[in-house]
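Working notes, structure below.
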Amino acid sequence: MSQPYEKVALIGLGLIASSMFWAMKRHDPSVHVTGFARSAATRDIAREIGLCDAVCDSLVETVQDADLVVLCVPVGVMGDVAAEIGPHLKAGATVSDVGSVKQAVIDAVAPHLPTNVHFVPAHPMAGTEHSGPRSGFAELFDNRWCLIVPVEGSDAQAVKTLTDFWISIGSNTAHMDPEHHDLVVAVTSHAPHLIAYTMVGVADDLGRVSDSEVINYSAAGFRDFTRIAASDPTMWRDVFLNNKEATLEILGRFTEELFALQRAIRTGDGDHLHDYFTRTRAIRRGIIEAGQDTDAPNFGRSAK
Ligand SMILES: NC(=O)c1ccc[n+]([C@@H]2O[C@H](COP(=O)([O-])OP(=O)(O)OC[C@H]3O[C@@H](n4cnc5c(N)ncnc54)[C@H](O)[C@@H]3O)[C@@H](O)[C@H]2O)c1
Ligand SMILES: O=C(O)C(=O)C[C@]1(C(=O)O)C=C[C@@H](O)C=C1
């Protein structure tokens with residue numbers, strides 16, 4: 001499927017922007033993509049590896065002709081970037097973002113955009129623990145969800161065109177309001193990341209188990225935690241500071257359940273543990289039946 005914008009600007013040339021670039025080119029080489037990153041070193045790497053048709057040295061040059069401008073920077077700097085590009089956007093252009101948090105990004109970005117451009121936030125539910133311009137790949141979004149989060153008064157055609165764009169680069173799409181989005185991802189992404197960071201921190205702190213034992217004897221469970229806990233510190237600092245309320249709500253519930261399980265272990269309440277694990281096993285089976293398990297041998301064959 002050819003993608004619906006002729007000229008796309010990507011701001012912040014890391015994992016998500018570089019994957020978007022390769023995915024766009026895979027599906028429609030005619031699209032013209034400009035790119036900007038804050039550091040000259042990142043821009044040099046982008047030029048060296050052919051990431052973007054033109055890597056620009058200023059934000060203004062990057063965005064001025066674009067039909068779609070996508071903010072692919074950490075959540076905490078989205079507002080600063082929007083303030084810089086706001087006066088230089090083409091009339092009728094769409095501004096979007098890929099931030100992992102939506103309400104805080106909307107609050108930070110929307111005030112800086114002129115009334116003659118459309119703002120349609122989005123969040124691809126796809127990523128890896130890697131970051132930077134070399135980490136992207138064209139298949140990242142294949143069969144993964146991209147959540148489109150229109151703001152109040154979003155133009156219906158602009159929302160549809162951005163939805164078509166994400167479908168054109170491999171995603172499934174769903175629409176959600178910002179508050180609900182932030183709660184859903186607190187459960188499915190943000191709290192799990194914090195738990196992984198904590199567990200790896202605990203292993204690191206535990207003097208009686210050596211680092212080499214942790215490295216050598218990590219079976220699947222802890223290995224997955226270490227992969228997640230290797231994710232970019234700036235990105236995740238910004239996620240937690242900007243999705244405070246929902247993350248704290250989920251962590252509060254998590255702590256209560258953890259205490260109940262701790263108590264069951266201490267008191268030898270095997271029924272509690274067995275019932276709990278039976279319930280959680282059903283969730284995993286639901287994910288597999290829905291075709292959402294990327295580790296499963298048949299992943300990628302689910303219907304769009
Ligand atoms: N990594 C994931 O798994 C994932 C998944 C979905 C969404 N996201 C979201 O996508 C966004 C980008 O994440 P990523 O994983 O691509 O990060 P990344 O670290 O790979 O890339 C971010 C890029 O932004 C640049 N940057 C930082 N501040 C800037 C500024 N002020 N102006 C211009 N460029 C700036 C950095 O130099 C870097 O090139 C974040 O908002 C993140 O929440 C990440
Ligand atoms: O696959 C991973 O490594 C990810 O952490 C990706 C992941 C997630 O938690 O699922 C991380 C942050 C996002 O905003 C979306 C996706």
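Whatever order the structure lists ligands and atoms in, that order sets their numbers, starting from 1.
- Within the structure, ligand 1 has Thr128 among the residues with a heavy atom less than 4.0 angstrom away.
- Classified by interplanar angle (parallel below 30°, tilted 30° to 60°, perpendicular above 60°), the ring pair Trp236/Phe240 is tilted.
- Atom 16 (O) of ligand 1 has Ile16 N, 2.9 Å as its closest protein atom, hydrogens excluded (heavy atom only).
- The pair Glu249-Arg253 counts as a salt bridge, with a side-chain nitrogen and a carboxylate oxygen less than 4.0 angstrom apart.
- Each of Ser100, His123, Pro124, Ala126, Gly127, Thr128, Glu129, Ser189, His193, Arg227, Met235, Trp236 has a non-hydrogen atom positioned under 4.0 Å from some atom of ligand 2.
- The nearest non-hydrogen atom to atom 19 (O) of ligand 1, considering only Gly76, Gly35, Ser131, Ser19, comes from Ser131.
- Here the shortest heavy-atom distance to atom 40 (C) of ligand 1, taken over Val98, Val73, Val101, belongs to Val73.
- Ligand 1 is never approached by Ser39 to a heavy-atom distance shorter than 4.0 Å.
- Residue nearest to atom 22 (C) of ligand 1, selected from Ala122, Cys72, Gly136: Cys72 (by heavy-atom distance).
- In this structure the side chain of His175 reaches within 4.5 angstrom of the side chain of Val159, judged on heavy atoms.
- Note on ligand 1: Asp80 sits outside its first shell, no heavy atom being nearer than 4.0 Å.
- With a 4.0 Å cut-off on non-hydrogen atoms, Ser100 touches ligand 1 through its backbone as well as its side chain.
- A salt bridge links Asp57 to Arg43: at least one charged side-chain nitrogen sits closer than 4.0 Å to a carboxylate oxygen.
- The shell of residues lying under 4.0 angstrom from ligand 1, judged by heavy atoms, includes Met78.
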Extract all donor-acceptor atom pairs below 3.5 Å that involve side chains of residues 107-125 and protein atoms in other chains or at least two apart in sequence.
from, atom 1, to, atom 2, distance (Å)
Asp107, OD1, Gln103, NE2, 3.0
His123, ND1, His181, NE2, 2.8

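- Remark: distances from the non-hydrogen atoms of Ala126 to ligand 1 include one below 4.0 Å.
- By the criterion of a heavy-atom distance under 4.0 Å, both the backbone and the side chain of Arg38 are placed next to ligand 1.
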